[in-house]
Amino acid sequence: MTQRLTFYTFPLSGNAHRVELLLRALDLSFNRIDVNLRDKEQKTADFLAMNPFGQVPVINDNGTIIWDSVAIMTYLALTYDTARTYLPQAPAQHAEVMTWLAKTSGPIAYGPAAARRINIFKTPQDIAIAQQVAHDFLNVADAHLAPRDWLVGDSLTLADLACYTYIAHAPEGGIDLAAYPNILAWLERMEAQPFFVAMPKSKAGLWA
Ligand SMILES: N[C@@H](CCC(=O)N[C@@H](CS)C(=O)NCC(=O)O)C(=O)O
């Protein structure tokens with residue numbers, strides 16, 4: 001059967017991994033293309049024609065091209081999650097999901113994701129600042145999760161899928177999660193989902 005949905009990804013990209021979690025949660029079949037970021041395949045003319053910022057993830061859904069992970073997740077949920085399991089319709093709950101999606105481009109990107117990137121891919125930034133941003137975010141998220149199993153409402157939503165990967169991989173950025181018991185329990189709940197697939201672990205200095 002011809003695949004109609006193509007997923008452009010990179011195996012160590014947390015931004016791409018959150019999309020993969022949703023693709024699997026929705027049980028969508030897709031054609032996976034691994035883009036070699038080290039060789040700058042994401043900056044070729046063909047790739048830039050899909051995403052002018054030259055980054056993964058990108059999807060091509062039968063001619064509809066969407067880039068940026070949370071935009072892709074929103075598109076997939078609106079298109080294929082007809083029961084609205086992962087993106088609640090009620091305005092207040094919908095907005096709550098959006099607040100957590102916004103965190104992926106704020107303190108998650110500049111905190112745990114940045115600390116991991118600095119450690120693994122040796123980008124020239126200050127890891128101490130990224131680690132502090134991460135701890136400030138994790139403190140709030142841990143308190144938020146104390147009385148609840150999921151970030152929004154009483155079931156798993158796009159909020160959990162979007163926030164999971166870079167929090168789970170925070171230790172790769174030198175961020176110890178031991179002080180955050182509610183986050184650790186939430187990570188375990190995520191990893192127990194039948195669709196769950198882990199992003200491979202990386203070592204410091206992988207691209208040194
Ligand atoms: N806000 C974007 C960020 C995407 C992003 O930073 N992608 C990284 C991989 S995790 C990338 O492609 N980097 C290669 C580059 O910037 O050249 C999203 O959520 O999709």
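Each ligand, and each atom within it, is numbered from 1 in the order the structure gives. This structure is a prediction, so every number in the text was calculated from the model and none was measured.
- Between the side chain of Asp61 and the backbone N or O of Thr64, no donor-acceptor pair lies under 3.5 Å.
- Note on ligand 1: Lys43 sits in its first shell, one or more heavy atoms being nearer than 4.0 Å.
- Taking 4.5 Å as the limit, every side-chain heavy atom of Asp34 sits out of range of all side-chain heavy atoms of Phe10.
- Nearest protein heavy-atom contact of atom 19 (O) of ligand 1 is Ser69 OG, 2.6 Å.
- Between Gln42, Lys40, Arg116, Gln55, it is Gln42 that holds the heavy atom closest to atom 17 (O) of ligand 1.
- The distance from atom OH of Tyr110 to atom CD of Gln125, rounded to the nearest 0.5 Å, is 9.5 Å.
- Among protein heavy atoms, atom 5 (C) of ligand 1 sits closest to Asn15 ND2, 3.4 Å.
- Ring geometry for Tyr75 against Tyr80 counts as perpendicular: the plane angle is over 60°, on a 0 to 90° scale with 30° as the lower cut.
- For atom 8 (C) of ligand 1, the closest non-hydrogen atom on the protein side is Val56 O, 3.8 Å.
- For ligand 1, one of its N or O atoms has an N or O atom of Asp68 under 3.5 Å away.
- For the pair Tyr8 and ligand 1, no heavy-atom separation below 4.0 Å is found.
- Residue pairs meeting the salt bridge (charged side-chain N to carboxylate O under 4.0 Å, His left out) criterion with at least one member in residues 166-192, sequence neighbours excluded: Arg116-Glu172, Asp149-Arg189.
- Note: His17 and Phe196 have perpendicular aromatic rings, judged against thresholds of 30 and 60 degrees for the angle between ring planes.
- Contacts of Phe47 with ligand 1, taken as heavy-atom pairs under 4.0 Å, are absent altogether.
- Of all atoms in ligand 1, listed by their number and element, those nearer than 4.0 Å to a heavy atom of Gly54 are 15 (C), 17 (O).
- Side chains of Ile65 and Ile59 form no contact here, defined as non-hydrogen atoms less than 4.5 Å apart.
- Near Tyr166, meaning under 4.0 Å from any of its heavy atoms, are these atoms of ligand 1: 10 (S).
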